[in-house]
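Notes for the one structure printed next.
Just so it is clear, the model here is predicted, and its values are computed rather than measured.
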Protein chains: 2
Amino acid sequence: MQCKRNFSAKREAIYRTLSSTDSHPTAEWIYEKLKVQIPDLSLGTVYRNLSVFKEAGLIKSVGVINGHERFDWDTSQHSHFVCSCCFRIIDIPKSRMFIDQNTLSHLENECDVHIQGHSITFYGLCGDCSKNSIESEDN
Amino acid sequence: MQCKRNFSAKREAIYRTLSSTDSHPTAEWIYEKLKVQIPDLSLGTVYRNLSVFKEAGLIKSVGVINGHERFDWDTSQHSHFVCSCCFRIIDIPKSRMFIDQNTLSHLENECDVHIQGHSITFYGLCGDCSKNSIESEDN
DNA sequence: TAATAATTAAGAACAGTTATCGTTTTGGAG
DNA sequence: CTCCAAAACGATAACTGTTCTTAATTATTA
(Lines give C-alpha, C1' and ligand atoms only; values in the text may rest on other atoms or scores of the structure.)
Protein backbone atom coordinates (compact mmCIF):
# COMPACT_ATOMS: atom_id res chain seq x y z
CA MET A 1 0.00 0.00 0.00
CA GLN A 2 1.38 3.37 -0.95
CA CYS A 3 -0.43 6.19 0.77
CA LYS A 4 -4.04 7.01 1.43
CA ARG A 5 -4.44 8.94 -1.82
CA ASN A 6 -3.65 5.90 -3.89
CA PHE A 7 -6.38 3.73 -2.44
CA SER A 8 -8.22 1.65 -4.98
CA ALA A 9 -11.95 2.26 -5.14
CA LYS A 10 -12.78 -0.78 -3.02
CA ARG A 11 -10.01 -0.19 -0.54
CA GLU A 12 -11.20 3.36 -0.18
CA ALA A 13 -14.78 2.22 0.34
CA ILE A 14 -13.75 -0.26 3.03
CA TYR A 15 -11.77 2.37 4.88
CA ARG A 16 -14.58 4.90 4.55
CA THR A 17 -17.16 2.45 5.85
CA LEU A 18 -15.07 1.60 8.89
CA SER A 19 -14.16 5.20 9.62
CA SER A 20 -17.72 6.42 9.44
CA THR A 21 -18.98 4.29 12.30
CA ASP A 22 -18.27 4.05 16.00
CA SER A 23 -19.65 0.53 16.23
CA HIS A 24 -16.23 -1.16 16.03
CA PRO A 25 -17.49 -3.52 13.34
CA THR A 26 -16.43 -6.92 12.11
CA ALA A 27 -15.18 -7.67 8.61
CA GLU A 28 -18.53 -9.30 7.90
CA TRP A 29 -20.43 -6.15 8.95
CA ILE A 30 -18.39 -3.96 6.63
CA TYR A 31 -18.89 -6.47 3.84
CA GLU A 32 -22.68 -6.59 4.29
CA LYS A 33 -22.86 -2.81 4.46
CA LEU A 34 -20.85 -2.34 1.26
CA LYS A 35 -22.34 -5.19 -0.75
CA VAL A 36 -25.41 -3.02 -1.39
CA GLN A 37 -23.39 -0.38 -3.21
CA ILE A 38 -20.68 -2.69 -4.54
CA PRO A 39 -22.35 -6.01 -5.44
CA ASP A 40 -19.17 -7.62 -6.75
CA LEU A 41 -17.25 -7.02 -3.54
CA SER A 42 -15.67 -10.11 -2.03
CA LEU A 43 -15.46 -10.84 1.67
CA GLY A 44 -11.84 -11.84 1.17
CA THR A 45 -11.11 -8.35 -0.08
CA VAL A 46 -12.50 -6.87 3.12
CA TYR A 47 -10.36 -9.16 5.25
CA ARG A 48 -7.30 -8.50 3.10
CA ASN A 49 -7.66 -4.74 3.23
CA LEU A 50 -8.34 -4.68 6.95
CA SER A 51 -5.05 -6.55 7.36
CA VAL A 52 -3.35 -4.04 5.11
CA PHE A 53 -4.76 -1.14 7.12
CA LYS A 54 -3.78 -2.75 10.39
CA GLU A 55 -0.26 -3.41 9.21
CA ALA A 56 0.02 0.19 8.04
CA GLY A 57 -1.17 1.39 11.43
CA LEU A 58 -4.18 3.09 9.86
CA ILE A 59 -6.64 1.15 12.00
CA LYS A 60 -6.53 -0.90 15.18
CA SER A 61 -8.05 -4.16 16.31
CA VAL A 62 -10.15 -4.02 19.45
CA GLY A 63 -9.57 -7.74 19.83
CA VAL A 64 -11.65 -10.85 19.33
CA ILE A 65 -15.06 -10.45 20.95
CA ASN A 66 -17.36 -13.45 20.91
CA GLY A 67 -15.34 -15.06 18.16
CA HIS A 68 -15.25 -12.07 15.81
CA GLU A 69 -12.39 -9.65 15.40
CA ARG A 70 -13.56 -6.06 15.92
CA PHE A 71 -11.91 -3.07 14.29
CA ASP A 72 -11.53 0.57 15.21
CA TRP A 73 -10.64 3.45 12.91
CA ASP A 74 -9.58 5.50 15.95
CA THR A 75 -5.98 4.52 16.58
CA SER A 76 -5.50 6.92 19.44
CA GLN A 77 -5.21 5.61 22.99
CA HIS A 78 -8.67 5.09 24.42
CA SER A 79 -10.63 2.51 26.37
CA HIS A 80 -13.69 0.45 25.52
CA PHE A 81 -16.73 -0.95 27.19
CA VAL A 82 -17.89 -4.33 25.89
CA CYS A 83 -21.43 -5.50 26.62
CA SER A 84 -21.34 -9.17 27.64
CA CYS A 85 -24.89 -9.58 26.36
CA CYS A 86 -25.07 -7.95 22.90
CA PHE A 87 -21.32 -7.46 22.43
CA ARG A 88 -21.75 -3.82 21.58
CA ILE A 89 -18.54 -1.87 22.03
CA ILE A 90 -18.72 1.65 23.41
CA ASP A 91 -15.86 4.15 23.46
CA ILE A 92 -14.87 5.49 26.84
CA PRO A 93 -14.28 9.25 26.70
CA LYS A 94 -10.60 9.87 26.12
CA SER A 95 -10.39 12.20 29.08
CA ARG A 96 -10.72 9.15 31.35
CA MET A 97 -8.34 6.50 32.61
CA PHE A 98 -5.04 7.56 31.33
CA ILE A 99 -2.04 5.76 32.71
CA ASP A 100 0.85 8.14 33.10
CA GLN A 101 4.34 7.69 31.75
CA ASN A 102 5.83 7.53 35.20
CA THR A 103 3.76 4.50 36.11
CA LEU A 104 4.66 2.84 32.81
CA SER A 105 8.36 3.39 33.44
CA HIS A 106 8.15 1.85 36.89
CA LEU A 107 6.22 -1.11 35.46
CA GLU A 108 8.84 -1.65 32.76
CA ASN A 109 11.58 -1.89 35.37
CA GLU A 110 9.57 -3.98 37.78
CA CYS A 111 8.52 -6.55 35.18
CA ASP A 112 11.51 -6.40 32.81
CA VAL A 113 9.44 -5.57 29.78
CA HIS A 114 9.30 -2.88 27.14
CA ILE A 115 5.81 -1.44 27.05
CA GLN A 116 4.60 -0.11 23.70
CA GLY A 117 0.95 0.38 24.55
CA HIS A 118 -1.92 -0.70 26.66
CA SER A 119 -5.63 -1.19 26.47
CA ILE A 120 -8.32 -1.00 29.10
CA THR A 121 -11.55 -2.89 28.56
CA PHE A 122 -14.57 -2.60 30.80
CA TYR A 123 -17.27 -5.18 30.57
CA GLY A 124 -20.78 -5.58 31.88
CA LEU A 125 -24.22 -4.71 30.51
CA CYS A 126 -24.95 -1.78 28.23
CA GLY A 127 -27.92 0.46 28.95
CA ASP A 128 -30.26 -1.43 26.63
CA CYS A 129 -29.35 -4.91 27.83
CA SER A 130 -29.50 -3.75 31.40
CA LYS A 131 -33.03 -2.42 30.86
CA ASN A 132 -34.13 -5.56 29.03
CA SER A 133 -32.87 -7.86 31.74
CA ILE A 134 -34.82 -5.91 34.35
CA GLU A 135 -37.99 -6.00 32.22
CA SER A 136 -37.74 -9.73 31.69
CA GLU A 137 -37.59 -10.18 35.45
CA ASP A 138 -41.11 -8.73 35.70
CA ASN A 139 -42.93 -12.02 35.19
CA MET B 1 -20.24 -29.73 37.75
CA GLN B 2 -20.91 -30.22 41.44
CA CYS B 3 -18.12 -28.89 43.58
CA LYS B 4 -14.37 -29.08 43.47
CA ARG B 5 -14.22 -32.19 45.64
CA ASN B 6 -16.21 -34.21 43.15
CA PHE B 7 -13.85 -33.60 40.24
CA SER B 8 -13.26 -36.61 38.07
CA ALA B 9 -9.64 -37.70 37.76
CA LYS B 10 -9.20 -36.04 34.39
CA ARG B 11 -11.07 -32.88 35.35
CA GLU B 12 -8.92 -32.67 38.45
CA ALA B 13 -5.75 -33.14 36.41
CA ILE B 14 -6.74 -30.40 33.98
CA TYR B 15 -7.46 -27.99 36.81
CA ARG B 16 -4.24 -28.90 38.59
CA THR B 17 -2.18 -28.42 35.44
CA LEU B 18 -3.64 -24.98 34.82
CA SER B 19 -3.36 -23.89 38.41
CA SER B 20 0.26 -24.90 38.70
CA THR B 21 1.54 -22.57 36.04
CA ASP B 22 1.69 -18.81 35.58
CA SER B 23 2.09 -19.13 31.83
CA HIS B 24 -1.60 -18.51 31.06
CA PRO B 25 -1.68 -21.54 28.80
CA THR B 26 -3.88 -22.60 25.92
CA ALA B 27 -6.08 -25.71 25.90
CA GLU B 28 -3.54 -27.33 23.60
CA TRP B 29 -0.68 -26.65 26.02
CA ILE B 30 -2.55 -28.28 28.91
CA TYR B 31 -3.42 -31.20 26.67
CA GLU B 32 0.17 -31.75 25.57
CA LYS B 33 1.42 -31.48 29.14
CA LEU B 34 -1.08 -34.04 30.44
CA LYS B 35 -0.92 -36.48 27.54
CA VAL B 36 2.36 -37.78 28.92
CA GLN B 37 0.76 -38.92 32.16
CA ILE B 38 -2.71 -39.60 30.76
CA PRO B 39 -2.26 -41.05 27.27
CA ASP B 40 -5.96 -41.56 26.65
CA LEU B 41 -6.83 -37.95 27.36
CA SER B 42 -8.75 -36.21 24.62
CA LEU B 43 -8.27 -32.61 23.55
CA GLY B 44 -12.03 -32.22 23.55
CA THR B 45 -12.08 -33.09 27.23
CA VAL B 46 -9.63 -30.30 27.94
CA TYR B 47 -11.74 -27.79 26.02
CA ARG B 48 -14.95 -29.02 27.66
CA ASN B 49 -13.59 -28.84 31.18
CA LEU B 50 -12.06 -25.43 30.66
CA SER B 51 -15.53 -24.25 29.63
CA VAL B 52 -16.98 -25.89 32.71
CA PHE B 53 -14.42 -24.17 34.94
CA LYS B 54 -14.98 -20.84 33.25
CA GLU B 55 -18.74 -21.10 33.62
CA ALA B 56 -18.31 -21.98 37.28
CA GLY B 57 -16.07 -18.97 37.78
CA LEU B 58 -13.18 -21.17 38.83
CA ILE B 59 -10.90 -19.83 36.12
CA LYS B 60 -10.80 -16.84 33.80
CA SER B 61 -9.98 -16.29 30.18
CA VAL B 62 -7.24 -13.79 29.44
CA GLY B 63 -8.68 -13.46 25.93
CA VAL B 64 -7.66 -14.61 22.51
CA ILE B 65 -3.99 -13.90 21.89
CA ASN B 66 -2.64 -14.66 18.41
CA GLY B 67 -5.63 -16.87 17.68
CA HIS B 68 -5.46 -18.96 20.84
CA GLU B 69 -7.59 -18.52 23.92
CA ARG B 70 -5.43 -18.15 27.03
CA PHE B 71 -6.54 -19.18 30.50
CA ASP B 72 -5.71 -18.01 33.99
CA TRP B 73 -6.32 -19.85 37.25
CA ASP B 74 -6.06 -16.57 39.13
CA THR B 75 -9.55 -15.09 39.01
CA SER B 76 -8.68 -12.07 41.10
CA GLN B 77 -8.50 -8.65 39.47
CA HIS B 78 -5.07 -8.15 37.97
CA SER B 79 -3.45 -6.91 34.77
CA HIS B 80 -1.32 -8.61 32.17
CA PHE B 81 1.55 -7.84 29.89
CA VAL B 82 1.45 -9.57 26.50
CA CYS B 83 4.61 -9.83 24.43
CA SER B 84 3.80 -9.01 20.80
CA CYS B 85 6.70 -11.16 19.69
CA CYS B 86 6.51 -14.46 21.60
CA PHE B 87 3.01 -13.94 23.04
CA ARG B 88 4.16 -14.68 26.55
CA ILE B 89 1.78 -13.33 29.15
CA ILE B 90 3.20 -11.87 32.34
CA ASP B 91 1.20 -10.98 35.43
CA ILE B 92 1.42 -7.39 36.58
CA PRO B 93 1.81 -7.16 40.37
CA LYS B 94 -1.62 -6.73 41.91
CA SER B 95 -0.53 -3.70 43.86
CA ARG B 96 -0.43 -1.78 40.60
CA MET B 97 -3.07 -0.25 38.39
CA PHE B 98 -6.33 -0.67 40.12
CA ILE B 99 -9.27 1.44 39.12
CA ASP B 100 -11.23 2.71 42.08
CA GLN B 101 -14.96 2.30 42.62
CA ASN B 102 -15.55 6.03 42.44
CA THR B 103 -14.16 6.24 38.93
CA LEU B 104 -16.22 3.22 37.91
CA SER B 105 -19.41 4.82 39.22
CA HIS B 106 -18.76 8.00 37.29
CA LEU B 107 -18.07 5.98 34.17
CA GLU B 108 -21.30 4.04 34.53
CA ASN B 109 -23.31 7.27 34.66
CA GLU B 110 -21.37 8.95 31.90
CA CYS B 111 -21.66 6.04 29.47
CA ASP B 112 -24.99 4.57 30.58
CA VAL B 113 -23.57 1.12 31.25
CA HIS B 114 -23.39 -1.33 34.12
CA ILE B 115 -19.77 -2.24 34.70
CA GLN B 116 -19.10 -5.73 36.07
CA GLY B 117 -15.36 -5.84 35.60
CA HIS B 118 -12.43 -4.59 33.63
CA SER B 119 -9.09 -5.71 32.33
CA ILE B 120 -5.91 -3.83 31.62
CA THR B 121 -3.50 -5.29 29.11
CA PHE B 122 -0.07 -3.87 28.41
CA TYR B 123 1.74 -4.92 25.29
CA GLY B 124 5.22 -4.59 23.92
CA LEU B 125 8.34 -6.74 24.06
CA CYS B 126 9.25 -8.98 26.98
CA GLY B 127 12.81 -8.94 28.34
CA ASP B 128 13.95 -11.88 26.22
CA CYS B 129 12.47 -10.66 22.94
CA SER B 130 13.74 -7.18 23.62
CA LYS B 131 17.27 -8.54 24.11
CA ASN B 132 17.04 -10.73 21.02
CA SER B 133 15.87 -7.90 18.81
CA ILE B 134 18.82 -5.78 19.91
CA GLU B 135 21.26 -8.64 19.30
CA SER B 136 19.91 -9.28 15.81
CA GLU B 137 20.53 -5.63 14.95
CA ASP B 138 24.30 -6.20 15.42
CA ASN B 139 24.94 -7.34 11.86
C1' DT C 1 -27.71 -55.39 41.63
C1' DA C 2 -30.22 -52.29 38.62
C1' DA C 3 -31.21 -47.79 37.03
C1' DT C 4 -29.61 -43.33 36.25
C1' DA C 5 -26.59 -39.57 35.62
C1' DA C 6 -22.09 -37.68 34.53
C1' DT C 7 -18.00 -37.96 31.96
C1' DT C 8 -15.35 -39.34 28.33
C1' DA C 9 -12.74 -40.40 23.45
C1' DA C 10 -12.95 -40.03 18.86
C1' DG C 11 -13.80 -37.67 15.28
C1' DA C 12 -17.15 -35.00 12.50
C1' DA C 13 -18.79 -30.47 12.07
C1' DC C 14 -18.44 -25.66 12.36
C1' DA C 15 -16.98 -20.75 11.77
C1' DG C 16 -13.89 -17.19 11.21
C1' DT C 17 -10.08 -16.27 8.72
C1' DT C 18 -6.27 -16.85 5.44
C1' DA C 19 -4.14 -18.54 1.23
C1' DT C 20 -4.22 -19.75 -3.66
C1' DC C 21 -4.72 -18.71 -8.26
C1' DG C 22 -6.18 -17.03 -12.44
C1' DT C 23 -8.15 -12.62 -13.93
C1' DT C 24 -8.83 -7.71 -13.85
C1' DT C 25 -7.58 -3.17 -12.68
C1' DT C 26 -4.39 0.38 -11.87
C1' DG C 27 -0.75 3.66 -12.64
C1' DG C 28 3.43 4.96 -14.68
C1' DA C 29 6.72 5.16 -18.88
C1' DG C 30 7.33 5.83 -23.47
C1' DC D 1 -3.07 6.71 -26.00
C1' DT D 2 -0.60 2.13 -25.61
C1' DC D 3 2.08 -0.97 -23.32
C1' DC D 4 3.69 -3.21 -19.30
C1' DA D 5 4.43 -4.57 -14.65
C1' DA D 6 2.67 -4.39 -10.25
C1' DA D 7 -1.14 -4.31 -7.37
C1' DA D 8 -5.68 -5.64 -6.31
C1' DC D 9 -9.33 -8.47 -7.07
C1' DG D 10 -13.25 -12.53 -6.86
C1' DA D 11 -14.04 -17.11 -6.15
C1' DT D 12 -13.26 -20.65 -3.58
C1' DA D 13 -10.41 -24.04 -1.32
C1' DA D 14 -7.78 -24.67 2.71
C1' DC D 15 -6.71 -23.99 7.33
C1' DT D 16 -7.29 -23.76 12.39
C1' DG D 17 -9.13 -23.30 16.81
C1' DT D 18 -13.11 -24.74 18.91
C1' DT D 19 -17.60 -26.99 19.60
C1' DC D 20 -20.77 -30.67 18.96
C1' DT D 21 -22.35 -35.48 18.41
C1' DT D 22 -22.48 -40.12 19.53
C1' DA D 23 -21.71 -44.20 21.63
C1' DA D 24 -19.20 -46.12 25.32
C1' DT D 25 -17.58 -45.97 29.97
C1' DT D 26 -17.61 -44.72 34.65
C1' DA D 27 -19.64 -43.08 38.87
C1' DT D 28 -23.64 -42.53 41.79
C1' DT D 29 -27.89 -43.58 43.69
C1' DA D 30 -31.71 -46.55 44.96
Q.
To check you understand the geometry: which heavy-atom pair defines the closest contact between A:L107 and A:V113, and what is its length?
A. O-CG2, 4.4 Å
Q: Indicate the atoms forming the closest heavy-atom contact of B:C111 with A:I92, along with that distance.
A: SG-CD1, 4.1 Å
Q.
I'd like to know if B:K10 and B:D40 make a salt bridge, using a cut-off of under 4.0 Å between side-chain N and carboxylate O.
A. yes
Between [atom2] of [N] and [atom1] of [X], the distance in whole Å:
| X | N | atom1 | atom2 | result |
| --- | --- | --- | --- | --- |
| A:Y15 | D:dA8 | OH | P | 16 Å |
| B:E55 | D:dT18 | CD | C1' | 16 Å |
| A:F7 | D:dC9 | CZ | P | 11 Å |
| B:Y31 | D:dT16 | OH | P | 17 Å |
| A:I38 | D:dA11 | CD1 | P | 13 Å |
| B:I30 | D:dG17 | CD1 | C1' | 15 Å |
| A:R11 | D:dA7 | CZ | C1' | 8 Å |

Q) Given side chains that start at C-beta, do those of B:D91 and B:H80 come closer than 4.5 Å, heavy atoms only? A) yes
Q) Are side-chain N/O atoms of A:S105 and A:N102 paired as donor and acceptor at under 3.5 Å? A) no
Q.
Tell me if a side-chain donor or acceptor on B:T21 pairs with a main-chain N or O of B:T17 at a distance below 3.5 Å.
A. no
Q | Heavy-atom protein contacts under 4.0 Å, nucleotides 10-24 of chain C, coded B base, S sugar-phosphate only, - none | A | B-----SSB------
